[in-house]
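Here's the structure, in structure tokens; my notes come after.
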Amino acid sequence: MPDISPVYHALMAVAGQTIIGTRYSLWGVGGALGCLWFIAREHTQAEYRWIAMLGHGKRANMCTDLVIT
């Protein structure tokens, strides 16, 4: 079954923009918040997938060291 969570996250981002835009007439702020919410949720989902596939089901197994060469 394909992962359709990005579709749900996009719909929620648009809904958030619509609510803020219609209620406060701040469409730009609503769009920015919607984008930030979408990006944050997708980042979290990617972390969950990594933990399930490579972290043996434990968040503590995630590498936290940033190595720049």
Side-chain angles (χ1 to χ4, degrees):
M1 181 172 177
D3 181 21
I4 59 171
S5 65
V7 175
Y8 293 137
H9 296 157
L11 290 174
M12 291 301 294
V14 170
Q17 179 184 13
T18 303
I19 290 168
I20 292 173
T22 56
R23 185 171 175 109
Y24 302 108
S25 297
L26 298 171
W27 290 95
V29 172
L33 290 175
C35 288
L36 290 172
W37 188 83
F38 177 80
I39 292 167
R41 287 301 306 151
E42 287 304 307
H43 184 271
T44 303
Q45 291 296 321
E47 283 183 352
Y48 291 153
R49 285 190 295 270
W50 188 95
I51 291 168
M53 289 175 22
L54 303 171
H56 307 292
K58 295 184 180 178
R59 186 180 199 95
N61 291 335
M62 289 187 74
C63 177
T64 58
D65 297 331
L66 179 62
V67 178
I68 300 175
T69 58

Study note, to complete from the structure: Between the CZ atom in Arg23 and the OG1 atom in Thr18, the distance rounded to the nearest 0.5 Å is 14.0 Å
Practice item. Please round to the nearest 0.5 Å and tell me the distance separating atom CG of Leu54 and atom CD1 of Ile51. Key: 10.5 Å
**Study point:** Working for side chain to side chain contact (heavy atoms under 4.5 Å, CB included), residues Ile20 and Trp27
**Key:** CA-CA 7 Å; Ile20 292 173; Trp27 290 95; over 6 Å; no
Review point. Taking atom CD of Glu42 and atom CH2 of Trp37, what is their separation to the nearest 0.5 Å?
Key: 9.0 Å
Practice item. Check whether any side-chain heavy atom of Arg41 lies under 4.5 Å from a side-chain heavy atom of Met12, and answer yes or no. Key: no
Study note, to complete from the structure: d(Gln17 CD, Leu26 CG) to nearest 0.5 Å is 11.0 Å
Review point. Linking I/L/V/M/F/W/Y whenever their side-chain heavy atoms sit closer than 4.5 Å, directly or via other members, would Leu33 and Tyr24 fall into one cluster?
Key: yes
Review point. Of all heavy-atom pairs between Ala13 and Gly34, which one has the smallest distance, and what is that distance?
Key: CB-O, 3.3 Å
